[in-house]
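Below is one structure; the comments refer to it alone.
Each chain gets a letter, A, B and so on, in the order its sequence line appears, and its residues count up from 1.
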2 protein chains.
Amino acid sequence: MLTKSTQYAIRALVYIQLQSYNQKRPGLAEIAKEIEAPEAYTAKIMQILTKHKLLSSVKGRGGGFFFSEKEPETSLYSVIVVMEGDSCFTSCAFGLSSCSSSKPCPLHDKYGPIKEAFLKLAQEETIQTLAQKIKHGDAVINLL
Amino acid sequence: MLTKSTQYAIRALVYIQLQSYNQKRPGLAEIAKEIEAPEAYTAKIMQILTKHKLLSSVKGRGGGFFFSEKEPETSLYSVIVVMEGDSCFTSCAFGLSSCSSSKPCPLHDKYGPIKEAFLKLAQEETIQTLAQKIKHGDAVINLL
DNA sequence: TAATAAAAAGACCTATATGTCTTTTGTTTT
DNA sequence: AAAACAAAAGACATATAGGTCTTTTTATTA
């Protein structure tokens with residue numbers, strides 16, 4: 001399971017991408033309201049994302065958050081790694097640090113493919129592909 | 001990812017099952033040492049497991065933990081649910097409470113099958129099937 | 001039956017994730 | 001240049017997972 005912070009981060013990024021289709025640059029208050037997260041906590045998350053160059057921001061009147069032209073597509077994988085590290089992709093189901101094909105834990109064979117599938121999903125899907133699904137009405141990202 | 005408590009629980013149960021093949025009934029200290037977990041913390045976990053009838057115990061000299069004949073095979077699913085609830089099987093990748101096929105989040109289609117596969121794994125595998133793999137030398141459950 | 005062994009129970013502590021508040025810094029508009 | 005605005009930064013608060021310690025209960029055995 002992704003952490004709450006990671007979930008907020010992805011939803012915020014998707015919302016910013018959606019607004020960018022309309023030449024908009026949403027601010028913190030608007031984003032927090034949209035993703036139904038506490039404003040101050042959302043601020044922390046946005047700071048992590050901008051610090052890691054997944055997002056750009058401008059201060060002052062009319063400021064807000066946006067994707068610069070220079071930034072490439074943002075994979076879910078990179079968002080997850082920035083927010084909570086890569087252990088959900090790499091670690092053994094039992095937390096065995098030595099778990100490997102030569103010294104497999106009893107779930108190694110069956111859990112491995114599941115981790116693989118999740119990694120593939122995270123690498124292939126991007127903020128932009130998720131936003132497109134919403135734009136086309138194929139998905140929603142609000143709580144209600 | 002399973003919590004550390006859940007990982008300890010599964011490893012402890014598998015060890016107890018392995019010992020039961022030799023008519024042994026391991027005690028707390030032995031179990032904690034085997035799974036490389038703090039003894040007092042392991043005690044807490046064993047209490048949760050016995051309270052939920054996934055395991056039996058006897059106090060006093062020569063006491064310890066064991067599976068009674070009456071107990072059916074213990075699925076991983078039931079251990080996970082007792083230790084940390086069922087949210088890892090049910091919850092949306094984005095934490096959207098309303099996520100469903102009629103109101104899907106943007107990962108619903110691709111993440112659903114992954115959750116399904118994990119649920120199937122947890123329902124099919126049991127402490128006993130995992131212990132058999134170790135007994136037959138097809139897997140290990142120690143850290144080193 | 002008394003001493004001892006071992007699990008159960010409960011109070012406590014620590015680290016991390018989550019969440020809040022205040023001050024600082026940078027940008028825009030007047 | 002001054003005022004207003006909005007993100008950045010950092011200190012603080014709360015909840016939960018993880019971990020420790022002491023006391024109580026129950027069983028065994030000498």
When you match A:Lys44 and B:Gly64 each to their closest nucleotide on DNA chain C, which lands nearer the 5' end? B:Gly64
d(CD1, A:Ile48; P, D:dA7) in whole Å: 16 Å
Interatomic distance, B:Phe66 CZ vs C:dA6 C1' [rounded to whole Å]: 14 Å
OP1, OP2 of C:dA6 versus side-chain N and O of B:Ser57: anything below 4.0 Å? no
Whichever of A:Thr3 and B:Gly27 has the more 5' nearest nucleotide on DNA chain C, that residue is B:Gly27
Any side-chain N or O of A:Tyr8 less than 4.0 Å from the OP1 or OP2 oxygen of C:dG19? yes
Of the nucleotides C:dT20, D:dA6, D:dG18, which one has an atom closest to the side chain of A:Lys59? D:dA6
Could a donor-acceptor pair under 3.5 angstrom be found where the side chain of B:Lys4 meets the base of D:dG19? no
Under 4.0 Å from OP1 or OP2 of C:dA8: is there any side-chain N or O of B:Thr50 that close? yes
Once rounded to the nearest 0.5 Å, what's the spacing between atom CD of A:Glu124 and atom OG of A:Ser75? 11.0 Å
Tell me: CZ of B:Arg25 to C1' of C:dA5, nearest whole Å? 13 Å
If the threshold is 4.0 Å, N to carboxylate O, is there a salt bridge linking B:Glu125 and B:Lys133? yes
Assert: residue with more 5' nearest nucleotide on DNA chain D, out of A:Gly62 and A:Lys51, is A:Gly62
Send over the distance from A:Tyr41 OH to C:dA17 P, rounded to a whole Å. 9 Å
Could you give the CZ-to-C1' distance, from B:Arg61 to C:dA6, as a whole number of Å? 10 Å
Of the candidates C:dG19, D:dC21, D:dA7, the side chain of A:Pro38 sits closest to C:dG19
Could you give the distance from CD (A:Glu30) to OG1 (A:Thr42), rounded to the nearest 0.5 Å? 12.5 Å
Side chains of A:Ile35 and A:Asn142: closer than 4.5 Å at any heavy-atom pair? no
Any side-chain N or O of B:Ser5 less than 4.0 Å from the OP1 or OP2 oxygen of D:dA17? no
Should B:Phe94 and A:Leu130 be marked as a side chain to side chain contact (heavy atoms under 4.5 Å, CB included) after you check the CA-CA gap, both sets of side-chain angles, and the distance that decides it? CA-CA 12 Å; B:Phe94 288 126; A:Leu130 299 188; 3.8 Å; yes
I need the CD1-C1' distance between B:Ile45 and C:dA7, as an integer number of Å. 15 Å
Is a donor-acceptor contact shorter than 3.5 angstrom present between the side chain of A:Gln47 and the base of D:dA7? no
Atom-pair distance (CZ on A:Phe65; C1' on D:dC5), nearest Å: 14 Å
Measure CG/B:Leu49 against P/C:dA9 and give the value in whole Å, please. 13 Å
